[in-house]
Amino acid sequence: MNSSSLDRRSLLRLGTGAVAAAGLAAVADIGFARPAAAYGWSGNLGQGSSGSAVAELQIRVAGWAADSASQTYVAVDGSFGPGTAAAVRRFQAAYGLSADGVAGPQTFGALNSLEKSDGSTAHFNWSEFTSHDGSGFGGGNVGSDEVQENVRRTMYKLEALRKKAGDRAITVNSGFRSTAYNSSVGGAGNSMHTYGVAADIAVSGLSTLSVYRIAETCGFSGLETYTVSWQHVDSRIEHSNYGSGFWWWQDGVA
């Protein structure tokens, strides 16, 4: 797909939603994924596998969507196809495992090393993503449970970005925003921040341009311009119920 050509100011730091896909309940029998520490993987997963374990795997490897700038993402649909296999191979290679695209004990161990007992991830805390007005994950455009699950998925993409950035620390300047707080800072009514699918980040020692370029490989469908001091990333295209269905890479392919 090609990036949409839209007015810069009208979209700055905002989100709008997405096409087809794999939202929070992409497949009826998978339902709404909850924070899962030390997930109970049962048996190897490879092409042709399906079900809730595949959906959880897809969440955790979503940040490995591409090798280079590509407007593609890993659909969380519980169906293990070529895109999931390719993401698993990239994850395996990055963590020094045999890159065969089949998730087995070693891959599961590496994936589980990225989670904490409270359902957050190894290098990110829930508190980094809560609304700055003290409302936690409440008061958004969807319920707090949905927001928190969206944040969890964002965390896993950011774990991939962090790894690709040479394990450099990431500062989250803005994660979820309540609608009240979002309004107070001038955000649009359906900013992706109000759903928990966006973050404004800075990576230690890297320019925003460098962060933008890494984010182009991580399955993020919303990227704000790299000419500011933070990098906005979001996953709008995966949530068709949140607004509209287009990719927004404000500066195109950098």
Asks: Check the pair Ile201 / Asn173 against side chain to side chain contact (heavy atoms under 4.5 Å, CB included), numbers first and verdict last.
Replies: CA-CA 6 Å; Ile201 62 172; Asn173 295 319; 6.0 Å; no
Asks: Indicate yes or no: does Arg236 engage Asp234 in a salt bridge with an N to O separation below 4.0 Å.
Replies: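 Salt bridge: yes.
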Asks: Of all the heavy-atom pairs spanning Pro105 and Asn44, show the shortest one and how long it is.
Replies: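 For Pro105 versus Asn44, the nearest heavy atoms are CD-OD1, 3.5 Å.
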Asks: Quick one: sort the Phe108 and Trp41 rings into parallel, tilted or perpendicular, breaks at 30° and 60°.
Replies: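 It falls in the parallel class, under 30°.
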Asks: Output the distance between atom CE (Met192) and atom CH2 (Trp248), rounded to the nearest 0.5 Å.
Replies: 10.5 Å
Asks: Could you work out, with ring-ring contact (aromatic ring centres under 6.0 Å, His included) as the rule, every residue matching His123, not counting sequence neighbours?
Replies: none
Asks: Please determine, by modelled atom types, if Thr227 and Thr225 share a side-chain donor-acceptor pair under 3.5 angstrom.
Replies: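 Looking only at side-chain atoms, Thr225 and Thr227 do form a donor-acceptor pair, the distance falling under 3.5 Å.
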Asks: Relative to the ring of Trp249, is the ring of Trp247 parallel (under 30°), tilted (30 to 60°) or perpendicular (over 60°)?
Replies: perpendicular
Asks: Return yes if a side-chain donor-acceptor contact under 3.5 Å exists between Asp77 and Ser79, otherwise no.
Replies: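 No pair is found: no donor N or O on one side chain lies under 3.5 Å from an acceptor on the other.
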Asks: Shortest non-hydrogen contact from Ala110 to Leu97?
Replies: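 Taking Ala110 first and Leu97 second, the nearest heavy atoms are CB-CD1, 4.1 Å.
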Asks: So, Asp118 versus Ser120: side-chain donor-acceptor pair below 3.5 Å or not?
Replies: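 There is such a pair between these side chains.
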Asks: Thr208: which residues meet the side chain to side chain donor-acceptor pair (under 3.5 Å) condition with it, sequence neighbours left out?
Replies: none
Asks: How long is the gap from OG1 on Thr154 to CZ on Phe124, to the nearest 0.5 Å?
Replies: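 These two atoms lie 10.0 Å from each other.
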Asks: Find out whether His239 and Asn150 are in side-chain contact, i.e. whether some heavy atom of one side chain is under 4.5 Å from a heavy atom of the other.
Replies: yes
Asks: How many angstroms lie between atom OG of Ser135 and atom CZ of Arg177, to the nearest 0.5 angstrom?
Replies: 12.0 Å
Asks: Got a salt bridge between Glu56 and Arg152, using NZ or NE/NH1/NH2 to carboxylate O under 4.0 Å?
Replies: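 Salt bridge present between Glu56 and Arg152.
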Asks: Should Glu238 and Val197 be marked as a side chain to side chain contact (heavy atoms under 4.5 Å, CB included) after you check the CA-CA gap, both sets of side-chain angles, and the distance that decides it?
Replies: CA-CA 9 Å; Glu238 298 174 51; Val197 300; over 6 Å; no
Asks: Can you name the side-chain contact (heavy atoms from CB on, under 4.5 Å) partners of Ser210, sequence neighbours left out?
Replies: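 Result, side-chain contact (heavy atoms from CB on, under 4.5 Å) vs Ser210: Leu206, Ser207.
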Asks: Which residues satisfy the side chain to side chain donor-acceptor pair (under 3.5 Å) test with Lys164, sequence neighbours excluded?
Replies: Thr217
Asks: Kindly indicate, with the supporting measurements, whether the criterion side chain to side chain donor-acceptor pair (under 3.5 Å) is fulfilled by Asn125 and Ser127.
Replies: CA-CA 5 Å; Asn125 299 314; Ser127 59; 4.7 Å; no
Asks: Roughly how far, to the nearest 0.5 Å, is the CG atom of Leu45 from the CZ atom of Phe80?
Replies: 6.5 Å
Asks: How close do Ser178 and Ser131 get, counting heavy atoms only, and between which atoms?
Replies: N-OG, 3.1 Å
Asks: Assigning hydrophobic clusters by single linkage (Ile, Leu, Val, Met, Phe, Trp, Tyr; side-chain heavy-atom cutoff under 4.5 Å), is Tyr39 placed with Val102?
Replies: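 No, no single cluster joins them.
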Asks: Check whether more than 12 heavy atoms from other residues, nucleotides or ligands sit under 6.0 Å from atom CD of Gln106, and answer yes or no.
Replies: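 12 or below, so no.
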Asks: Counting N and O atoms only, with roles assigned by atom type, does the side chain of Ser174 sit under 3.5 Å from a partner on the main chain of Asp200, one being a donor and the other an acceptor?
Replies: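 Not a single qualifying donor-acceptor pair exists.
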Asks: Tell me yes or no: between the side chains of Thr194 and Asn182, is some donor less than 3.5 Å from an acceptor?
Replies: no
Asks: Could you check whether any side-chain heavy atom of Asn241 comes within less than 4.5 Å of a side-chain heavy atom of Val142, counting everything from C-beta outward?
Replies: no
Asks: If you apply the rule side chain to side chain contact (heavy atoms under 4.5 Å, CB included), what do you find for Lys116 with Trp126, and how did you get there?
Replies: CA-CA 11 Å; Lys116 293 179 189 163; Trp126 295 120; over 6 Å; no
Asks: Could you tell me if the side chain of Lys157 sits less than 4.5 Å from the side chain of Ser235, heavy atoms only?
Replies: yes
Asks: Quick check: closest heavy atoms across Glu128 and Ile170, and the distance to 0.1 Å?
Replies: OE1-O, 4.3 Å
Asks: Quick one: does Leu223's side chain get under 4.5 Å of Asp251's, heavy atoms only?
Replies: no
Asks: Please list all pairs meeting salt bridge (charged side-chain N to carboxylate O under 4.0 Å, His left out) that have one or both residues in residues 80-94, counting only residues at least two apart or in different chains.
Replies: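 Pairs touching residues 80-94 that pass the test: Asp67-Arg90.
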Asks: I need the His193 NE2 to His232 NE2 distance, nearest 0.5 Å.
Replies: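 If we round to the nearest 0.5 Å, His193:NE2 and His232:NE2 are 5.0 Å apart.
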Asks: Please report the closest heavy-atom contact between Ser70 and Ala66, naming both atoms and the distance.
Replies: CB-CB, 3.7 Å
Asks: Could you report the tightest heavy-atom contact between Trp64 and Ala160, atom names first, then the distance?
Replies: NE1-CB, 3.4 Å
Asks: Run Phe176 and Thr130 through side chain to side chain contact (heavy atoms under 4.5 Å, CB included) and show every step you take.
Replies: CA-CA 5 Å; Phe176 167 69; Thr130 53; 5.8 Å; no
Asks: If you draw the axis of the six-membered ring of Phe91, does the NZ or CZ of Lys163 fall within 45° of it and under 6.0 Å from the ring centre?
Replies: no
Asks: Salt bridge or not between Arg60 and Glu159? Use side-chain N to carboxylate O under 4.0 Å.
Replies: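 No, no charged N to carboxylate O under 4.0 Å.
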Asks: Tell me, please, which residues at least two apart from Gln92 pass side chain to side chain donor-acceptor pair (under 3.5 Å).
Replies: Asp100, Thr107
Asks: Quick one: pull up OH in Tyr156 and OG1 in Thr121 and give me the separation to the nearest 0.5 Å.
Replies: 6.5 Å
Asks: Quick check against the 3.5 Å criterion: does Tyr226 have a side-chain atom that pairs as donor or acceptor with the backbone of Ala254?
Replies: no
Asks: Is the backbone N or O of Thr84 less than 3.5 Å from a side-chain atom of Gln58, with the two atoms forming a donor-acceptor pair by type?
Replies: no
